[in-house]
Enquirer: 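Mind having a look at this structure? Questions to follow.
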Amino acid sequence: MKNIAIYPGTFDPFTNGHLDIVMRARLLFPSVIVAVTDNPHKKGDFSLADRIAMVKEAVRNIDNVSVDSFKELLVNYTNKKKARIIIRGLRAVSDFEYEFQMALMNRNLSANIETVFLMPDEKYTYLSSSLVKEIARLGGNIEEFVSEHVRSVIFKHFKL
Ligand code: ADP
């Protein structure tokens, strides 16, 4: 089995912090699939199509990174893709408890899959999708945090 890595997330929206993790993962694994969650129970702001488009635009020139979406249990999807690595980003201790629980639960569900945590550049450790939306809605500058494309999707969505 090749070391295909899955980087799952809601990406609502995809930020430069997410991209930082993708760029690190692509140097470690021959193939990285950014997998956008299609979970109707998780109410986000952007449609699945918008979220996929944002990731696609961000990774369009990166040869070993592809974009997909999934609806089923993450470990089932990971096995279906013949992958055995799940990538997650760790920003601060506050991420740890949830990520630790998820990683151990996923291991319990499928022992062949390892979760690998990557830390972004310090400048992204305080960045989150929800903060970006909040700042944009209140008229703040989000240039540093998201790409030009993501910015335009945000502005359109919130009619800014
Ligand atoms: P989820 O709903 O699956 O947590 P997110 O889009 O919020 O989806 O996050 C996906 C992954 O990216 C998570 O592992 C999260 O910790 C990580 N992540 C989010 N923001 C950043 C950031 N600024 N820097 C590094 N990793 C991040």
Side-chain angles (χ1 to χ4, degrees), residues 4-29 32-59 62 65-78 80-81 83-110 113-137 140-151 153-154 157-158:
I4 299 171
I6 307 286
Y7 178 35
T10 313
F11 306 123
D12 188 55
F14 190 78
T15 69
N16 291 342
H18 293 128
L19 184 61
D20 180 290
I21 297 296
V22 171
M23 299 310 271
R24 289 171 200 282
R26 72 172 290 262
L27 299 179
L28 294 173
F29 302 103
V32 176
I33 302 172
V34 184
V36 184
T37 48
D38 179 8
N39 182 352
H41 298 293
K42 206 162 172 176
K43 272 258 143 271
D45 285 289
F46 297 98
S47 67
L48 178 64
D50 271 353
R51 288 180 290 127
I52 291 174
M54 288 189 267
V55 186
K56 278 202 167 145
E57 209 281 332
V59 304
I62 311 173
V65 179
S66 58
V67 186
D68 192 17
S69 66
F70 70 105
K71 236 186 160 131
E72 68 267 57
L73 203 56
L74 174 60
V75 290
N76 292 352
Y77 171 75
T78 305
K80 203 172 79 188
K81 289 284 163 188
R84 56 187 189 94
I85 312 281
I86 292 172
I87 303 283
R88 295 288 288 176
L90 269 189
R91 285 164 291 189
V93 184
S94 50
D95 280 338
F96 180 77
E97 207 164 351
Y98 172 73
E99 293 294 343
F100 184 67
Q101 182 185 23
M102 289 298 293
L104 291 185
M105 179 53 85
N106 284 334
R107 177 184 286 167
N108 193 270
L109 294 170
S110 188
I113 297 172
E114 282 300 339
T115 301
V116 173
F117 293 102
L118 297 175
M119 271 84 70
D121 190 293
E122 290 103 271
K123 64 176 184 273
Y124 299 128
T125 51
Y126 53 87
L127 175 57
S128 70
S129 297
S130 45
L131 257 185
V132 165
K133 288 182 283 195
E134 195 64 22
I135 295 166
R137 264 195 233 112
N141 185 353
I142 55 168
E143 251 171 64
E144 251 184 87
F145 311 129
V146 296
S147 69
E148 177 117 29
H149 175 256
V150 170
R151 212 151 28 108
V153 176
I154 291 175
H157 183 85
F158 293 115

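All ligand and atom numbering here is 1-based and tracks the order in the structure.
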Enquirer: For the CZ atom of Arg84 and the OG atom of Ser110, what is their distance to the nearest 0.5 Å?
Expert: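 Between Arg84 CZ and Ser110 OG, I get 11.5 Å after rounding to 0.5 Å.
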
Enquirer: Can you measure from NZ (Lys42) to OG1 (Thr10) and round to the nearest 0.5 angstrom?
Expert: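 Going from NZ on Lys42 over to OG1 on Thr10, the span is 3.5 Å.
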
Enquirer: For His18, run the side chain to side chain contact (heavy atoms under 4.5 Å, CB included) check against Pro13, Pro120, Ser129 and tell me which one passes.
Expert: Ser129

Enquirer: Excluding sequence neighbours, so at least two apart, what forms ring-ring contact (aromatic ring centres under 6.0 Å, His included) with His157?
Expert: Phe46

Enquirer: Is it possible for you to check whether Arg51 lies under 6.0 Å from the centre of the six-membered ring of Phe11, through NZ or CZ, and within 45° of that ring's axis?
Expert: no

Enquirer: Compile the protein residues with any heavy atom at a distance under 4.0 Å from an atom of ligand 1; present them by chain, then by number.
Expert: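 Within the 4.0 Å shell of ligand 1, which is judged on heavy atoms, sit Tyr7, Pro8, Gly9, Thr10, Phe11, Gly17, His18, Ile21, Lys42, Arg88, Gly89, Arg91, Asp95, Glu99, Pro120, Tyr124, Leu127.
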
Enquirer: With the threshold set at 4.0 Å, does a side-chain nitrogen-carboxylate oxygen contact exist between Asp68 and Lys81?
Expert: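 Yes, Asp68 and Lys81 are salt-bridged.
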
